[in-house]
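As structure tokens, the structure follows; a few thoughts come after it.
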Amino acid sequence: MIKKWYFYASLIVIITFLSLGFKPFSVETKPWFLTEKTDGSEYIFPSLEKDDYPKVNLNVPYTGNHLIGFKEAVAFKESQGKYRMVNSLGYMGKYQFGSKALRAIGVRNEKDFLTDPALQEKAFVALLSKNKWILRNEIEKYEGKVINGVEITESGILAAAHLGGAGSVKNFFKHGGNRHFRDAFGTSLKSYMRDFAGYDLSFIEADSNATIND
């Protein structure tokens, strides 16, 4: 009986000693998530700007088929999501805006634009709205049809307009898809129509006067 008592007493002492050896600790969190609201709903997506972000290779940054997924897919293609990127031709930011496109939506200060992620997100939505207005007839006429091997969708049309401008998209349809616009790096309008097809951009309102101040 005494031996059994010694056994349990020793066990209690050992457990108490071990439990005192572990202290609670707190984990420091880093603000490496960008949170924004662009379509009435909040979403979180890791920015790719900071050096201390987790180094993860993603083939597809977001697989959703709504506005958020469309934005991140285009951004990944354009700049790998880097807000401060300026390419060799002077195109700027996460979505690689040119000076002409920025002026069309009311952006005058390119330096401020390049350092302001929220402004870049707003500019992208404003340009979508403007292009949706300019191309409203093409969207209505050709959506759902197959032209030169590509199924035409609203999101594909708007992505192509981001690449080459609304005028190039109109020209594409005018020539039955046989007039192939390519940018300075060889990326074709047709490839954007194909790669960014099928996203739901119904939230975007067609607006001929869309600006960053809306």
Legend entry - Least distance between heavy atoms, L135 atom then A161 atom: CD1-CB, 3.7 Å
Legend entry - Closest contact, heavy atoms only, S202 versus D200: OG-OD1, 2.8 Å
Legend entry - Pairing of R103 and E110 as salt bridge, 4.0 angstrom limit: no
Inset, instruction - Just do the side chain to side chain contact (heavy atoms under 4.5 Å, CB included) check on Q96 and K82 with the steps written out, would you? - result: CA-CA 9 Å; Q96 293 293 279; K82 298 177 181 178; over 6 Å; no
Inset, instruction - Taking Q120 for its side chain and L114 for its backbone only, find out whether a donor-acceptor pair lies under 3.5 Å. - result: yes
Legend entry - Backbone of S208 reached by a side-chain donor or acceptor of K130 within 3.5 Å: yes
Inset, instruction - Evaluate side chain to side chain contact (heavy atoms under 4.5 Å, CB included) for Y199 paired with L158, printing each intermediate quantity in order. - result: CA-CA 10 Å; Y199 289 89; L158 294 178; over 6 Å; no
Inset, instruction - Working to the nearest 0.5 Å, report the span between NZ of K190 and OG1 of T187. - result: 14.5 Å
Legend entry - N131 side, atom CG; D207 side, atom CG - distance, nearest 0.5 Å: 11.5 Å
Inset, instruction - Grab the two heavy atoms, one from F196 and one from A159, that are nearest each other, plus how far apart they are. - result: CB-CB, 3.5 Å
Legend entry - Expected output: side-chain H162 to main-chain Y95 donor-acceptor under 3.5 Å: yes
Legend entry - Interatomic spacing from CD in E78 to CZ in F97 - rounded to 0.5 Å: 9.5 Å
Legend entry - For the student: nearest non-hydrogen atoms of S155 and G198, plus distance: OG-N, 3.1 Å
Inset, instruction - For residues N109 and K111, report the shortest heavy-atom separation together with the two atoms involved. - result: OD1-N, 3.1 Å
Legend entry - Which residues share a salt bridge (charged side-chain N to carboxylate O under 4.0 Å, His left out) with K77, sequence neighbours left out: none
Legend entry - Residue Y91 excluded, over 12 heavy atoms near OH under 6.0 Å: no
Inset, instruction - Kindly state each residue pair satisfying salt bridge (Lys or Arg N to Asp or Glu O under 4.0 Å) with at least one member in residues 148-173, sequence neighbours excluded. - result: K132-E154, E138-K170
Inset, instruction - Please name the residue in the list V169, L163, T153 that meets the side-chain contact (heavy atoms from CB on, under 4.5 Å) test with M193. - result: V169
Legend entry - Heavy-atom pair with the smallest gap, counting every atom of A166 and I134: CB-CG2, 3.6 Å
Legend entry - Pairwise distance CG(L67) to CZ(F124) - rounded to 0.5 angstrom: 7.5 Å
Legend entry - Qualifying residues under salt bridge (charged side-chain N to carboxylate O under 4.0 Å, His left out), relative to K174, sequence neighbours excluded: none
Legend entry - Main-chain N/O of E205 paired with S129 side-chain donor or acceptor, under 3.5 Å: yes
Inset, instruction - Mind checking the OH-CG spacing from Y83 to D116? Nearest 0.5 Å is all I need. - result: 10.0 Å
Legend entry - Nearest-0.5 Å distance that lies between atom CD1 in I212 and atom NZ in K122: 7.0 Å
